[in-house]
Amino acid sequence: MGFINDAMSRGAEFIKSVKVQGAADEARKDHAEGRSVLVYKIIEAGGGSLDFTGPMAGVGEQIEAIEAEGWAFADMATAQSKTLSGDERAGLVCVFRRR
């Protein structure tokens, strides 16, 4: 079982890193296009539950990646989202403004 858990953990880390890179790329692109507002939907990377309080995998990292590109977090709304696999996860619609 240790091998399976290790593989699943590596897979989750890979997905999280892809999402973080995607957020940074989009923030950079929108800045290059001269936009002053970025609205970005973030769906937690996995392992979370809509029923429990706790950390949302990958969400903070994506927000940090966008802020590192010069955007300031301004507002947020929540939504229930479905992944491509059909899993339900919490989704955040975040509004960022240029600093």
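Just so you know, residue 1 is the first one in the sequence shown, and it goes up from there. Every heavy atom of this structure was used, including side-chain atoms; hydrogens, water molecules and symmetry mates were not.
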Single-linkage hydrophobic cluster F96~M56, side-chain heavy atoms < 4.5 angstrom: yes
Donor-acceptor contact present, side-chain K29 to main-chain A24, <3.5 Å: no
Within-4.5 Å side-chain heavy-atom neighbours: C94 and D75: no
Atom pair CD1/NE2 of I66 and H31 - distance to nearest 0.5 Å: 14.5 Å
Gap separating the CD atom of Q21 from the CD atom of E26, nearest 0.5 angstrom: 12.0 Å
Interatomic spacing from CD1 in I63 to CG in L92 - rounded to 0.5 Å: 6.5 Å
Spacing of NZ belonging to K19 relative to NZ belonging to K16, to within rounding of 0.5 Å: 11.5 Å
Path from V59 to Y40 over hydrophobic side-chain contacts below 4.5 Å: yes
Joint hydrophobic cluster, M76 plus I42, side-chain heavy atoms closer than 4.5 Å: yes
Short side-chain to backbone donor-acceptor contact, Q62 and G58, under 3.5 Å: yes
Atom pair CG/CG of D25 and D30 - distance to nearest 0.5 Å: 11.0 Å
V37 reachable from V93 in the ILVMFWY side-chain graph, under 4.5 Å edges: yes
Minimum side-chain heavy-atom gap W71-R99 below 4.5 Å: no
